[in-house]
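The figures here come from the full heavy-atom set of this structure, side chains too, leaving out hydrogens, waters and symmetry mates.
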Amino acid sequence: MDILGIFRAEANRRLSNAGINGTVEPAKEGFGDFTFPCFPLAKELRKNPAAIAKELAEKIEPGTYFEKIEAVGPYLNFHISTKKLNEMTIQAILSRKLYAEPVREKIVLEHTSANPTGPLHVGRARNPIIGDTMARILRAYGHEVEVHYFVNDAGMQVATLLWGIKNLPTIQRHEKCDHALVRNYQTASKLASEKHEIEMEIRELMKRYESGDEELRKLAKEKVGCVLKGIQDSLERLNIKIDRFVWESELIPKAKEIALLLKEYVEEEEGAYYLNLKKMGIELQKNKFFLYRSDGTTLYFLRDIAYHMYKGELANILIDVLGEDHKLHFQAIKEVVEKLNPEISVSPLFYSFVRLPEGKMSTRKGTVVYLDDLIDEGKEKALEILKERNYTEQEMDEIAERIATSSIRFAILNIQEEKPIVFRWEKALSFEGESAPFVIYTYARACSILRKSEEKTSIDYTRLTHTQERKLIKLMAQYPDIIKQAVNNLSPYVMAKYALALAMQFNQFYRDCPVLNAEPELKNARLALVKAFKEHMGTILKILGLATLEKM
RNA sequence: GGGCGCGUGGCCUAGCAUGGAUAGGGCACCAGCCUUCUAAGCUGGGAGUCGCGGGUUCGAAUCCCGUCGCGCCCGCCA
């Protein structure tokens with residue numbers, strides 16, 4: 001239920017009844033709830049806009065939906081009835097009617113798909129955090145979402161990893177596979193770039209692997225699987241769950257079928273084959289996309305088309321969360337896939353890279369900060385703070401882990417996806433200001449108030465007249481607009497900003513409006529508001545994948 | 001060279017799609033607030049030519065053109 005939408009429609013109806021062809025806009029703070037700027041009418045009516053606003057204000061009746069409709073300079077400002085807004089919003093939240101529109105489209109959302117050659121580093125971490133949050137937003141909006149991870153076990157870097165495992169000693173300390181085996185990968189990769197014959201050996205492995213060599217398949221399944229398990233464990237710490245892992249090697253037969261389907265657009269160059277997009281009527285920056293190497297093995301572009309066609313069998317709407325380096329690749333994939341199956345629509349959610357102050361992160365070069373290390377560091381920091389409070393050892397550990405992972409999630413989500421991030425430890429693990437603990441803290445404060453009170457049944461919503469109460473309620477009523485915006489723009493950060501706004505406003509309310517010490521009628525009404533806030537903030541925290549801590 | 005993205009106080013960031021009423025936050029800094037619902041909080045303060053130059057408009061951080069800086073891509077890597 002879109003409560004503000006109801007009021008907006010009422011305002012527009014009044015304008016139209018007054019013979020005005022136009023609609024209201026949200027007003028700036030201090031100028032009511034909606035506004036109608038009269039500038040555009042000025043030309044038409046040959047009157048000054050302020051005079052027009054004044055006339056309209058006299059003509060239009062506020063009715064029960066509005067407290068007043070007044071002219072302020074050239075603007076016609078609409079003030080929503082506080083009583084009606086309070087009652088509708090709080091009741092909607094408490095009966096959970098503010099949420100879940102009945103949309104229910106099936107969507108496959110792919111995120112992360114990091115090469116299984118080593119642990120996730122913080123550069124990569126932007127992908128799963130954005131992707132997972134986007135999936136949560138889509139679900140909250142009412143869609144049915146299946147989250148995918150495309151496991152690249154068929155590319156050159158996996159052949160490099162396998163070569164490293166076969167030819168180099170694996171030094172297994174007390175650590176996960178991803179951390180242990182990445183050293184083999186790094187060394188192998190270094191050797192390959194230095195010695196041509198090693199590169200040739202890796203290419204040979206690649207060929208054997210793709211042609212279905214039993215020994216290699218077994219080795220890959222085991223080792224890549226183990227690295228992947230390490231990645232999956234890191235994701236789980238961040239509260240991220242993948243619904244389906246799709247292994248690239250298993251799509252090779254399908255990829256070859258698709259190549260045949262496209263054969264009239266395929267051309268040969270020195271034994272290798274590429275797709276000529278121009279021939280398909282597609283004009284991009286680059287039109288030559290290679291499908292097969294000259295040794296007959298498939299390339300990522302072809303396999304990715306096959307994967308998207310496969311996803312298209314599961315759902316018509318596909319969303320890919322991708323780094324900015326994939327823009328051209330994605331454009332080509334989208335064009336080809338949508339041409340092959342016009343039922344499918346593929347949309348990207350691009351994000352910019354996370355860099356270190358010294359420059360780019362690279363697993364191959366080892367210039368990385370691993371996600372696991374970042375989480376551990378954050379946990380230590382949280383424990384420092386928690387030591388001064390009364391918690392059992394186990395509680396402390398649990399809360400610290402959730403504070404650390406929530407903070408990392410929020411630090412990523414609080415920046416517009418297409419802006420570059422320079423990674424700084426202190427920023428990623430900040431516990432104050434615009435941070436996860438700040439947001440979660442308001443939730444815990446609300447919980448604390450509710451713990452110390454009893455449930456009341458009859459509530460007089462007219463008692464909530466304080467400006468902070470009204471602001472908080474209106475902000476909550478804005479939720480349907482916010483989630484719609486996040487969905488339409490495929491932009492999780494919209495939701496992070498909303499969480500911050502809610503938290504800040506609750507703190508204002510908390511400061512100015514005592515709840516437990518208020519006189520009985522007011523206390524009951526405020527308790528209902530706090531309850532609604534707790535429910536609402538809880539919903540938002542879950543959408544962001546953050547911890548909902550009742551105590552902290 | 002071409003394509004795409006980003007450029008807002010010392011640092012980070014919102015607003016740009018749908019142009020409007022004092023450019024909103026955070027960090028850091030300075031001064032305050034815990035015998036009253038959790039101080040991971042709150043209040044106040046200083047600090048801004050919205051990269052630069054044109055244009056459109058009654059009005060531009062927002063739209064258009066140009067320009068500079070940074071990032072990414074332009075591979076028989078993914």
Of the listed nucleotides B/U43, B/C37, B/G20, the one nearest the side chain of A/Ile449:
B/C37
Quote, to the nearest angstrom, the P distance that separates B/C11 from B/C73.
27 Å
Considering only heavy atoms and no angle criterion, is a donor-acceptor pair shorter than 3.5 Å present between the side chain of A/Gln285 and the base of B/G2?
yes
Under-4.0 Å salt bridge between A/Lys195 and A/Glu199:
no
In plain terms, say whether A/Arg8 and A/Asp481 are close enough for a salt bridge, that is, a side-chain N and a carboxylate O under 4.0 Å apart.
yes
For the pair A/Lys427 and A/Glu434, find out whether any cationic side-chain nitrogen is under 4.0 Å from an anionic carboxylate oxygen.
no
If you look at every strand shown and take non-hydrogen atoms under 4.0 Å, does A/Gln331 touch a base, only sugar-phosphate, or nothing?
nothing
Considering only atom P, compute the distance from B/G46 to B/U62 and round it to an integer number of Å.
27 Å
In whole angstrom, give me the gap between the P atoms of B/C63 and B/A47.
30 Å
Indicate, with a heavy-atom threshold strictly under 4.0 Å, whether A/Asp295 touches base, sugar-phosphate, or nothing.
nothing
Take A/Tyr300 and A/Glu248 through the test side-chain contact (heavy atoms from CB on, under 4.5 Å) and record every step on the way to the result.
CA-CA 9 Å; A/Tyr300 169 61; A/Glu248 226 178 305; 4.0 Å; yes
When you check every protein heavy atom under 4.0 Å of nucleotides 21-30 of chain B, what one-letter string (B, S, -) results, 5' to 3'?
BB--BSSS--
Chi-based syn or anti call at B/C34, which uses purine or pyrimidine torsion atoms and a 90° bound:
syn
Using 30° and 60° as the class limits, which term best fits the ring planes of A/Phe301 and A/His329: parallel, tilted or perpendicular?
perpendicular
If you measure from the C1' atom in B/C6 to the same atom in B/A14, how many Å do you get, rounded?
15 Å
ring centroid sep under 5.5 Å plus plane angle under 30, A/Phe39 with B/G20:
yes
What nucleotide, of B/A40, B/C37, B/C42, holds the atom closest to the side chain of A/Pro437?
B/A40
Determine whether any donor atom in the side chain of A/Arg389 lies under 3.5 Å from an acceptor atom in the base of B/A40, or the reverse, and answer yes or no.
yes
Determine, for A/Phe431 and A/Lys381, whether the Lys NZ or Arg CZ falls below 6.0 Å from the six-membered ring centre while staying within 45 degrees of the axis.
yes
